[in-house]
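If you read the sequence from its start, that first residue is 1, and numbering goes on from there.
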Amino acid sequence: MLQVLHDYGTMFLVGSWPGGPLGGFAATLVLAGVGLAVSFPLAICLGMARTSSRRAARWPATAWVYTFRGIPLIMIIFWAYFVLPALTGATVPAFTTALCAIVLYESAFLGEIVRAGLQGLPPGQTEAARALGLSYGQTMRHVVLPQALANMIPSLVNQFVSTIKATSIVYVIGVQEVTFAAQQVNSMEMTHALQTFLVLAAFYFVPCFGLSRLAGRLERGLARKRLRAA
């Protein structure tokens, strides 16, 4: 295992960069981070629509959430892989295809996190803001969302962990992330498959374990803060 890491550590970390496109675990982090960042504004809209009293807003958001939460990510990746070129009439890079699929997939999960965060606040917050003359948009922007987002942080960190692990499937369309790098190393070595995939497991385990511990610490901190406030 150490020999594989010594010989191919750079490939696991950054792929063929700087002589080629960024790959390896760096590409995994970029894909997961950008995917969450792009999907989060959409998720806020979905979460707000899911808590809306208007059916015209709530039903389409509910359909979006249940559809993309109920479909495996690999199916969405294949849809994006074949649909995006048909819609654009151009060849879409594999990284862009994977990113679009992850945005669709993660927006559904993040939308539920936002919905839970909004519904977890006391209704008196909204009522007090509206009584002061704030509009619905002002109430959400200045009163409700800042508090809800603070409470969502542990769940968002956990979702980032899930996204990092979910990106492992995008190697099937040729995205050069860390699983793709492990497949390349295994093809070159042939006789060290166990060691190669143990290294791959370590690349996922170490950051995901650290982020999970961070999420737990943040959650305990928020619980103590609520107790002091009570």
Side-chain angles (χ1 to χ4, degrees), residues 1-39 68-69 71-85 91-110 154-217:
M1 181 175 172
L2 292 177
Q3 186 63 42
V4 170
L5 189 59
H6 177 269
D7 293 341
Y8 301 102
T10 302
M11 182 176 290
F12 275 103
L13 283 172
V14 295
S16 58
W17 188 84
L22 182 68
F25 193 67
T28 294
L29 291 178
V30 170
L31 188 59
V34 174
L36 283 185
V38 174
S39 61
F68 287 110
R69 289 185 72 191
I71 299 174
L73 177 58
I74 191 169
M75 293 297 299
I76 302 174
I77 290 171
F78 283 139
W79 286 353
Y81 187 73
F82 292 109
V83 170
L84 285 178
T91 302
V92 181
F95 187 91
T96 303
T97 300
L99 181 60
C100 291
I102 287 173
V103 167
L104 293 174
Y105 185 73
E106 292 299 327
S107 65
F109 288 89
L110 290 176
S155 298
L156 294 176
V157 175
N158 280 325
Q159 191 61 36
F160 183 51
V161 172
S162 298
T163 307
I164 289 174
K165 293 184 289 185
T167 58
S168 62
I169 200 66
V170 303
Y171 86 93
V172 298
I173 59 171
V175 179
Q176 298 182 28
E177 43 74 64
V178 68
T179 303
F180 186 91
Q183 293 282 3
Q184 287 183 310
V185 172
N186 186 52
S187 297
M188 289 185 286
E189 285 292 319
M190 298 298 291
T191 57
H192 295 86
L194 177 61
Q195 295 91 326
T196 299
F197 288 105
L198 282 174
V199 171
L200 175 63
F203 268 95
Y204 282 113
F205 175 78
V206 172
C208 290
F209 177 76
L211 288 170
S212 297
R213 294 294 300 271
L214 174 62
R217 182 174 297 180

>> Run the side chain to side chain contact (heavy atoms under 4.5 Å, CB included) test on Thr196 and Leu194 for me, step by step, so that the C-alpha distance in whole Å, both residues' side-chain angles and the decisive distance to 0.1 Å come before the verdict.
In response: CA-CA 5 Å; Thr196 299; Leu194 177 61; over 6 Å; no

Find the distance between [atom1] ([X]) and [atom2] ([Y]) and round it off to the nearest 0.5 Å.
{"X": "Ile164", "Y": "Tyr204", "atom1": "CD1", "atom2": "OH", "result": "9.0 Å"}
{"X": "Leu211", "Y": "Phe209", "atom1": "CG", "atom2": "CZ", "result": "11.0 Å"}
{"X": "Leu104", "Y": "Ile76", "atom1": "CG", "atom2": "CD1", "result": "6.5 Å"}
{"X": "Tyr81", "Y": "Thr96", "atom1": "OH", "atom2": "OG1", "result": "12.5 Å"}
{"X": "Ser212", "Y": "Asn158", "atom1": "OG", "atom2": "CG", "result": "5.5 Å"}
{"X": "Gln159", "Y": "Glu106", "atom1": "CD", "atom2": "CD", "result": "4.5 Å"}

> In terms of heavy-atom contacts, does CZ of Phe160 have more than 12 from other residues, nucleotides or ligands at under 6.0 Å?
Replying inline: yes

>> Using 30° and 60° as the class boundaries, would you call the ring planes of Tyr105 and Phe109 parallel, tilted or perpendicular?
In response: tilted

> Which class fits the ring pair Phe203 and Phe25: parallel under 30°, tilted 30 to 60°, perpendicular over 60°?
Replying inline: tilted

> Checking side-chain contact (heavy atoms from CB on, under 4.5 Å) against Thr167, which of Ile102, Leu29, Leu99 comes through?
Replying inline: Ile102

> Are any of the side-chain heavy atoms of Leu84 and Cys100 separated by less than 4.5 Å?
Replying inline: yes

Quick check: closest heavy atoms across [X] and [Y], and the distance to 0.1 Å?
{"X": "Leu200", "Y": "Ala182", "result": "CD2-CB, 3.8 Å"}
{"X": "Val185", "Y": "Phe12", "result": "CG2-CE1, 4.0 Å"}
{"X": "Gly35", "Y": "Ser39", "result": "O-OG, 2.8 Å"}
{"X": "Ser16", "Y": "Gln176", "result": "OG-OE1, 4.0 Å"}
{"X": "Arg69", "Y": "Ala108", "result": "CG-CB, 3.6 Å"}
{"X": "Leu73", "Y": "Ala101", "result": "CD1-O, 4.1 Å"}

>> Run Ile71 and Trp79 through side chain to side chain contact (heavy atoms under 4.5 Å, CB included) and show every step you take.
In response: CA-CA 11 Å; Ile71 299 174; Trp79 286 353; 3.5 Å; yes

Does [X] use its side chain to pair, donor to acceptor, with the backbone of [Y] at less than 3.5 Å?
{"X": "Thr179", "Y": "Tyr171", "result": "no"}
{"X": "Ser107", "Y": "Val103", "result": "yes"}
{"X": "Glu177", "Y": "Phe180", "result": "yes"}

